[in-house]
Undergrad: 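First, the structure itself, so that you have it in front of you.
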4 protein chains.
Amino acid sequence: MDKKLGRPRSEETKKAILTAAYELLSENGFDTVTIEGIAERAGVSKATIYKWWPGKAAVVLDGYFAATELLLPVPDTGSVKEDLFQQFNNLSIFITSPKGKMITELIAAGQFNPGIAEEYRVRFFNPRRHISRGILERGIARGELRKDLDLERSIDLIFAPLFYRLLITGDTLDSAFIRELINDIMKGLGQ
Amino acid sequence: MDKKLGRPRSEETKKAILTAAYELLSENGFDTVTIEGIAERAGVSKATIYKWWPGKAAVVLDGYFAATELLLPVPDTGSVKEDLFQQFNNLSIFITSPKGKMITELIAAGQFNPGIAEEYRVRFFNPRRHISRGILERGIARGELRKDLDLERSIDLIFAPLFYRLLITGDTLDSAFIRELINDIMKGLGQ
Amino acid sequence: MDKKLGRPRSEETKKAILTAAYELLSENGFDTVTIEGIAERAGVSKATIYKWWPGKAAVVLDGYFAATELLLPVPDTGSVKEDLFQQFNNLSIFITSPKGKMITELIAAGQFNPGIAEEYRVRFFNPRRHISRGILERGIARGELRKDLDLERSIDLIFAPLFYRLLITGDTLDSAFIRELINDIMKGLGQ
Amino acid sequence: MDKKLGRPRSEETKKAILTAAYELLSENGFDTVTIEGIAERAGVSKATIYKWWPGKAAVVLDGYFAATELLLPVPDTGSVKEDLFQQFNNLSIFITSPKGKMITELIAAGQFNPGIAEEYRVRFFNPRRHISRGILERGIARGELRKDLDLERSIDLIFAPLFYRLLITGDTLDSAFIRELINDIMKGLGQ
DNA sequence: TCCTAATCGAGACGGTACGTCTGGTCTTGAG
DNA sequence: CTCAAGACCAGACGTACCGTCTCGATTAGGA
């Protein structure tokens, strides 16, 4: 069926490209990374990069996730507030670290490139939302939360303020903020 | 004091540049706008643009706001929920319109350029937050809201999900969503 | 040793550049030729030109000589006067032709660019001086000329008035002038 | 007749422009002089320069001659050879001095600008040729030179090799060369 | 003393070309 | 067939001067 004629793709080359892409991203920021720079650093020809990725955003994103994929701990303390605090405190620590700040630039790049956006939604956000969903479901089961919650919207409620600060206001993200945020969302503004 | 030596700056030229910048932004999107394109469309020399703006992002932003500045209605129905619904429904209508979608790209550009970020914070977000603050304060005065609210954080709670959807998930923003969002935030997830 | 990695330089492109350069030189004169104009006419990118030549003067000069290199007849009539007349009459015909007039501008350009000067000395003047040297040497051997001549200085004596007229006085160069010039130089002003 | 309405032209301004033009010429060479640079150095507006001169070449030339005009000694020793030696040795000292080297660049500029050429012919060459003519005429009267000389062509014979070396070969000009040059021209190459 | 006309500085402006840079594509020859 | 090397076109970058054009402030002589 699918023949394998000719020289096979070199895994080393692929790794070198992703590593170079990630290094350049972390050294200079997304917008100053160039395909040419990646090719040079990786000791690879530009054509090889274009052969396997459609453009700079794709390589850099791949490089980022290749270097960043990590196990996400699933908190389960028996308390929604505490579980949420643990998850989002971890997240806020991550996204304010150098590694995390890059996600900012990738989200920005995603505004000009739907493929990129899809990618980080699937690889970055979905797994984390999955964990939040578990927390909320257990909370409902335990009666800590209202039964009628729209889970997806509820998850948005917590993620959103973090990224709003990150992308728009630039305000600090610390554990006090996370704690108060969760309190507000649980309690509501009313009454 | 402030001298007026030399040929005065041409207001027509300035207007032509801003108009051209805005038109190109709305036709092609931020990242395909070029200074050269603006210069040509405006019938203006590149040097003149560089004289008054440091780069593409600055001109385009200026062009955007010059074309977009509008009166913001201040709702005051006597009900926090209704006031917030009116404000944020209007906002969601705006940011899902062609004109509003551009703000997405400017926010993206702001990730690579602190000056830009500052600009849209001041010109776009601050006036709107000011209105929200008024709504919340009146709500507290009327006893509709908890007295101990941190106003800024509370405002974030409402703005954030809109822009989270806009920038990250891409989910739809309609009046049903706004209504439910406000409900959730007022009531809280708890109990 | 000298490796031949990578895509080889395109001879067609090179030719197109030189041709375009020469055409523009002959149409408009040296100082209105631009690299951008050459690139456009040749259907070539500016970067390609800058890759192989340091600047406009170098390309134009190369284009000029690529279009102009021709066989130089070596007169040998048995008479110094006649040989010199043939050589310099030919030369005067050439340098008053359109093709030849360009050399004027290249000499001018050479005043601001030593590399250019070196180039036309080697490619234009040296071969012609070589012929003159032969004529004079044969003349000395035949006893037509003084034995103690400094050949280089003597050659200067004939070339110089042609280019002096060309570059400075602008007086006409015709075969009568050449004849009289050679007479004067042979005879001397004295006595 | 010619009315003198309005503010009269400022002589100081004119002087400042010419001085600035000359200074910049001597510091950086003709081709790097700019009208803008002259205007700044002279503390003058560009428009004022364009009011009185058609372009850079004209101002610089004027500046050059304003700074350079000097008395030309008229040698009269009773010997043509000695007179010529004195005149051309002086000339060669001048044109190999910094001040004199600039004339090279002006001659180059003259290739692209007939007005410039006319100017230095009249202001630089004619006065010197006039002196040479006197020397030759006295030589003829004294019987040192042939009666049938074409004076203009004879003058060319001496000027030409100096400028040929200056503009084309770049060979040195020293008093030995001048002496031998005059000898050769007087004696002729023949016999 | 005011008026008129020209000069001048400052500096904005439309242009044009500069030389550089990156993006993507294409062409070799080696493996 | 893959790949490194690297030539190539396309086109924007930001800069530098060009020569022209307002401005407002002088600076005379003539009214």
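Just so you know, these numbers come straight off a predicted model, no measurement behind them. Hydrogens, waters and symmetry mates play no part in the numbers below; they use all other heavy atoms, side chains included.
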Undergrad: For Ile49(C) and dA17(E), give me the distance from atom CD1 to atom P, rounded to whole Å.
TA: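 Computing the Ile49(C):CD1 to dA17(E):P distance gives 13 Å.
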Undergrad: Closest-nucleotide mapping onto DNA chain F: is Pro54(D) or Tyr50(B) further toward the 5' terminus? I mean the 5' end.
TA: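 Nearest nucleotide further toward 5': that of Tyr50(B).
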Undergrad: Contacts to DNA chain E from residues 30-47 of chain A, heavy-atom cutoff under 4.0 Å, which residues?
TA: Thr34(A), Ile35(A), Glu36(A), Lys46(A), Ala47(A)
Undergrad: Kindly indicate whether the side chain of Glu12(A), heavy atoms from C-beta on, has any atom under 4.5 Å from the side chain of Lys15(A).
TA: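 They are not in side-chain contact.
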Undergrad: Side chains of Ile116(B) and Tyr120(B): does their closest heavy-atom pair fall under 4.5 Å?
TA: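 Answer yes - side chains close enough.
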Undergrad: If you assign Thr48(A) and Lys56(D) each to the DNA chain F nucleotide with the nearest heavy atom, which residue ends up on the more 5' nucleotide?
TA: Thr48(A)
Undergrad: Mind checking the CD-CD1 spacing from Gln111(D) to Ile168(C)? Nearest 0.5 Å is all I need.
TA: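 Output value for this atom pair is 8.0 Å.
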Undergrad: Please identify each residue that fulfils side chain to side chain donor-acceptor pair (under 3.5 Å) with Thr104(C), with sequence neighbours left out.
TA: none
Undergrad: Please classify the nucleic acid contact of Trp52(B) as base, sugar-phosphate, or nothing, using heavy-atom distances under 4.0 Å.
TA: sugar-phosphate
Undergrad: Looking at residues 10-23 of chain D, who's got a heavy atom less than 4.0 Å off DNA chain E?
TA: Ser10(D), Thr13(D)
Undergrad: Restricting to side chain to side chain donor-acceptor pair (under 3.5 Å), what partner residues turn up for Glu69(D), sequence neighbours left out?
TA: Arg123(D)
Undergrad: Please list all pairs passing the salt bridge (Lys or Arg N to Asp or Glu O under 4.0 Å) test where one or both residues lie in residues 98-113 of chain B, with sequence neighbours left out.
TA: none
Undergrad: Pairs of donor and acceptor atoms involving the side chains of residues 44-54 of chain D, under 3.5 Å and at least two apart or interchain, shall be tabulated with distances.
TA:
from     : atom 1 : to       : atom 2 : distance (Å)
Ser45(D) : OG     : Ala47(D) : N      : 3.1
Lys46(D) : NZ     : Glu36(D) : OE2    : 2.9
Trp53(D) : NE1    : Asp62(D) : OD2    : 3.0

Undergrad: So how far is it from Leu25(D) CG to Leu106(D) CG, rounded to the nearest 0.5 Å?
TA: 6.0 Å
Undergrad: Quick check on DNA chain E: between Pro8(B) and Gly55(C), whose nearest nucleotide comes earlier from the 5' end?
TA: Pro8(B)
Undergrad: If I take atom CH2 in residue Trp53(A) and atom C1' in nucleotide dG23(E), what distance separates them, rounded to the nearest angstrom?
TA: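 That distance rounds to 17 Å.
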Undergrad: What about Arg7(C): does its side chain form a donor-acceptor pair under 3.5 Å with the base of dC26(E)?
TA: yes
